[in-house]
Amino acid sequence: MNIKQIISVIKILFSGIGMSLKIFIITLIIAIPLGIIVALIRNSKNKIFSYLMKVYILIIRGTPIMLQIIVVYFCPYYLFNIKYDRFVAIIIAFVINYTAYFSEIFRSGINSISIGQSEAAYTLGFNKFQTFFLILLPQTIKIILPAMSNEVISLIKTTSLAQIIGVTEMFALAQKQASYNFSVIPLVLVGMYYLVLVFIISIAFSRIERKLEYYS
Amino acid sequence: MSVLEVKELSKKYDNLEVIKNISFNVNEGETLVILGPSGSGKSTLLRCINNLEKITSGNITINGKEMIKEYKNSIPIYNDKKILNKINMDTGMVFQDFNLFPHLTVKENITESLIYVLKMDKKSAEDRACELLQKMGLINKKDSYPCDLSGGQKQRIAIIRALAINPKILCMDEPTSSLDPELVGEVLEVIKKLAKEKVTMIIVTHEIKFAEEVADKVIFMDKGIIIEEGNSNLIKKPKEKRTKEFLKRFLNV
């Protein structure tokens, strides 16, 4: 490949970043609050709901995300003859998958806070809702940040699986360019794009970590 | 007037009976000190009063409101949430290991419940916090975080936090037991101050000298029952053998 071709590939890949980021951000926005809710249900005294969440987490963590994407997109078609937007399918599959992982991270964080915190909150008159949002959640966030940054970094790279049901994102473009140009350079370039994105995410997380260092 | 009435209270964990049919009263302005060896049910008693543990039988009345509404097949039915919340705000609790909220400043630790539970506006909540901090000589710590305080300071803040909601009765569960010996004094001073101001208190402690000084009423507990009860003279002149044995161990040290 000559320099002109490389520059054109760089531009083409850049146009695919948008889709990768869109999947990444929408998944985060939906899966984080859902993860908290699933963690709370899993922790709740209602045995049936708690058990259901356990099974959900077992299935999601126990099967490949590639399979989950395929099931989410093709099952409605084979069972009910429903065809729907591929992008929506990707978001649903990613949310289902990442909610499971996030919920376990949140659960470990919430459970590591001493019971004395909730007891003190109770004796001061806080209701359960206030106790969670004013006392437990802020402390949980600090505890789970390192585990969370791992999962979030994995999410940006996993967006490359969107292409298996035909959603064209950065990695799909790179593969196309690789075969079109008969060269591995587009794949190297796409790798660099991911590296930069992960670098930015890491910086963002260490910033938040530093911000929360005001107490121990 | 009785602020607190404990009537025939029992508490069982599965088959282990930690509190066995205990009754006593605390009047307004009184300081009750509960003494006894570890495992005698003192802490559990305070936790029942603060509704951190569910009782097995009997009843607890705080400021005229009963915790248990009725008994169905000898299972206690707790009163409605509204009444329990009121009872909850009438009782304050100071824990052995402070339980301050680490992510909030000293001032926020105190104002958080004033703002979100008592619905005070931020300004008057902060005024109240600062007034109490001033009184206890901790005003210069108002913007510190708990991790930057000594154990004694932490416990004094915890006492202020519990006081700020103006409870009818303040419970303290071994408030100096997790402190270094040299920090015990400053916390006891604060409690003495409160006793002088006639704040109604129940204190579980192993500080016998302090107990003698501060108590209007003393209860000695062992194995879930009240062995002996009386005024602070009980510490000097116990009648029961078990009380004598217990006190001897402390006074001979």
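In what follows, chains are A, B, ... by sequence order, proteins preceding strands, each numbered from 1. Computed over heavy atoms, backbone and side chain alike; hydrogens, waters and symmetry mates excluded.
Heavy atoms from other residues, nucleotides or ligands lying under 6.0 Å from CZ of A:Phe49 number 12 at most. Under a cut-off of 6.0 angstrom, the local environment of NZ in B:Lys192 is crowded, with over 12 non-hydrogen atoms contributed by other residues, nucleotides or ligands. Around atom CZ of A:Phe129, no more than 12 heavy atoms belonging to other residues, nucleotides or ligands sit under 6.0 Å away. With a 6.0 Å radius and a threshold of 12 heavy atoms from other residues, nucleotides or ligands, A:Tyr214 has its OH atom above the threshold. Within 6.0 Å of the CD atom in A:Glu209, the count of heavy atoms belonging to other residues, nucleotides or ligands exceeds 12. Few gaps surround NZ on B:Lys65; more than 12 heavy atoms of other groups in view lie less than 6.0 Å from it. The neighbour count for A:Ile48 CD1, taken as heavy atoms of other residues, nucleotides or ligands under 6.0 Å away, does not exceed 12. Other residues, nucleotides and ligands contribute at most 12 non-hydrogen atoms within 6.0 Å of the NZ atom of A:Lys83.
Residues A:Phe126 and B:Tyr116 place their aromatic rings such that the two centres sit no closer than 6.0 Å.
With chain A as partner, the option from B:Ile165, B:Leu100, B:Val94 having the largest number of non-hydrogen pairs under 4.5 angstrom is B:Leu100. Of the listed residues (A:Ala121, A:Ser114, A:Gly125), the one with the most heavy-atom contacts under 4.5 Å to chain B is A:Gly125.
For B:Asn51, the parts lying under 4.5 angstrom from a heavy atom of chain A are both the backbone and the side chain. Heavy-atom distances place both the backbone and the side chain of A:Gln117 under 4.5 Å from chain B. B:Tyr145 touches chain A through its side chain: at least one heavy atom from C-beta onward sits under 4.5 Å away, while N, CA, C and O do not.
With rounding to the nearest 0.5 Å, the separation of NZ in B:Lys81 from CG in A:Asn127 is 7.0 Å. To the nearest 0.5 Å, atoms CG (B:Asn88) and OH (A:Tyr122) are separated by 4.5 Å. Note that CZ of B:Arg161 is 6.5 Å distant from OG1 of A:Thr123, once rounded to the nearest 0.5 Å.
Listed here is the closest heavy atom pair of B:His103 and A:Leu134: NE2-O, 2.8 Å.
Within the 4.5 Å cutoff, the side chain of A:Leu124 has no heavy atoms near those of the B:Glu112 side chain. Considering only heavy atoms from C-beta on, A:Glu119 stays 4.5 Å or farther from B:Met93 through its side chain.
Side-chain contact annotation: B:Asp148 with A:Tyr215, donor-acceptor N/O pair under 3.5 Å absent.
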